[in-house]
Amino acid sequence: MSYIKGLKCRECGREYPKEALFVCEYCFGSLEVTYDYAKIKETLTRETILSRPKNLWRYRELLPIEGEPTDGFHSGFTPLVRAKNLGKALGVSKLYVKDDSVSHPTLSFKDRVVAVALSRAKEFGFSTVACASTGNLANSVASQAAKAGLKSYIFIPADLEMGKVIGTLIYAPNLVAVEGNYDEVNRLCSEIASKYKWAFVNINIRPYYAEGSKTYGFEIAEQLGWNTPDHIIVPCAGGSLITKIWKSFKEFYELGLISKPKTKVYAAQATGCAPIVNTIKEKAEIIKPIKPKTIAKSLAIGNPADGYYAMATVAESKGWGESVTDEEIVKGIKLLAETEGIFTETAGGVTVAVAKKLIEQGIIPKNESIVISVTGNGLKTQEAVQDKIGKPIQIKPTLKSFEERVKL
Ligand SMILES: *Cc1c(COP(=O)(O)O)cnc(C)c1O
Ligand SMILES: [Zn+2]
C-alpha cells in the first residue's frame, strides 16, 4: 500500500513523479515527498501505532516507501530519558533527553535515515548504495548495506575520528577517504552521482532518505504521551534533522494525533562551524558558507544543504540558535555523563552545552518542558575527551596497595 503522492519542489511547488529525483529542473530547488494525508488518516490512529512493534516502521504510512519495509526492523524507538539530575544541574524542572546514542545498529540517529533510504533504494532496483558522510552516516550505510546485501561506496573526509573510520571499515565497504573537508567530499560526490548509477542516499535519493529523520520527532511526541515539548534543542549539520522534527510534529497534528504543537525549536552548532546559527543571530537571510574548524566533526558542514529550511523552522516555531566552543562541548559531554550516565559524542556535547547556555540566558524558561537531542555515541569520538577525564588509580594486587593508593 502506498501513501506517497509524488515529489514537489520546495521552492516553486512544481510536482514530479515519485522517482529517484532530487532537484527541480526549473529552479534547482530541492524536492520533497508529498503524501495522501486523507488516506493516511483512515489507518494511522494512536491505536494502530501502539499495536505495532517498537521500531521506526510503526509510523510506516508517513514514510516514503511503496511496499513493505525491508530494512531497519530494529532501528528507532530509542529511550526518551527523564533527565532529573541534569535538570537539577541546569536549574530546570522538566528536562528530557532523546537518546539516539543507543540506536541500532550503529549508535546514531543516522540509522533512521539509512533504514528508510535502503528500503526505498531497493524498490528503485539499485544494487549499490553510496554516501558522502561526516562519519555517522558512513557507519550506518556500511552496516545496513552489509545486512541488506547491497554493495556500498562511502566517502568521508580523510581526518575523521578513528572510531568512525573503524566503525565503517569493519563492514568491509568500499571506503574512500578524501583529502578535503566534508563540503569538498560532497561536491565530489555530486559529480560521481551524476556519472554512476548508484543510490547516493543523501544526494540522488535524498528526498526519501531525509524523511527517516521524522521518526525522531514522532517518537518524542508519542513518548510524551501524545504531546510535544515546549522546547527542543537540535544539532545541525546539513540542517535536515531539525527541519524534519518540526515537520513530524506538524504531520501528527494534521492527522489529529496531537494538539497544535507550540514547540520552540533551537538550532545548536559548534562555534567553529556555525553557519546556520550565525545567520539566525545576524537576522540575515542568506547563509555564508564557512570553513569548519571544530572537534564536532559530525556537525562540520560549512555549506549546509538545508540551512535555509533549518532557519525557516527556527523562525516559524519562534525558537532561536546558539553555538558553543570546543571547550564547552567537552564540558557538555562530561556533564551529561556525570549526571545521566549517558556517554554522547561531540554533537551531543553541543546540544547539552547549548541548552545550558539558553537556560542561563533566560531564553528557555526554567519550568517548561525541554528535550535535548542526543544523536550519537561517545565511544566513537574518544579523541575529544581522552585527555580531559581522570585516570584509573593503578595498584598492586594487594589489599595493602589498595588501601595505600585509594583514598577511602
Ligand atoms: C548528521 C548528524 C547530525 C545532523 O544532521 P543534519 O540532518 O545534517 O543536520 C546530528 N548529529 C549527529 C550525531 C549526526 O551524525
Ligand atoms: Zn522548482
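Atoms within a ligand are numbered from 1 in the order they appear, just like the ligands themselves. Heavy-atom basis, side chains included; hydrogens, waters and symmetry copies ignored. Numbers here are sequence positions counted from 1. In this text, all values refer to a predicted model and were calculated from it rather than measured experimentally.
Side chains of Q269 and E322: a donor-acceptor N/O pair is absent below 3.5 angstrom, by distance only.
Rounding to the nearest 10°, we obtain 110° for the angle at the Zn ion (ligand 2) between C27 SG and C24 SG.
Side-chain atoms of D326 come within 3.5 Å of backbone atoms of I295 as a donor-acceptor pair (strictly under, hydrogens ignored).
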Check ligand 1 against the protein and report each N/O to N/O distance under 3.5 Å, formatted as atom name, atom name, distance.
from     : atom 1 : to   : atom 2 : distance (Å)
ligand 1 : 7 (O)  : S240 : N      : 3.3
ligand 1 : 7 (O)  : L241 : N      : 2.8
ligand 1 : 8 (O)  : G238 : N      : 2.8
ligand 1 : 9 (O)  : A237 : N      : 2.9
ligand 1 : 9 (O)  : G238 : N      : 3.3
ligand 1 : 9 (O)  : G239 : N      : 2.8
ligand 1 : 9 (O)  : S240 : N      : 3.4
ligand 1 : 11 (N) : T375 : OG1    : 2.7
ligand 1 : 15 (O) : K110 : NZ     : 2.8
ligand 1 : 15 (O) : N136 : ND2    : 2.9

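Note on R14 versus E25: no salt bridge recorded, every NZ/NE/NH1/NH2 to OD/OE distance being 4.0 Å or above. At a threshold of 4.0 Å, the pair K98-E219 counts as salt-bridged, since one of the basic side-chain nitrogens sits closer than that to a carboxylate oxygen. Using a 4.0 Å cut-off between charged nitrogen and carboxylate oxygen, E254 and K41 do not count as a salt-bridge pair. Under a 4.0 Å N-O distance rule, the pair E32/R206 does not qualify as a salt bridge.
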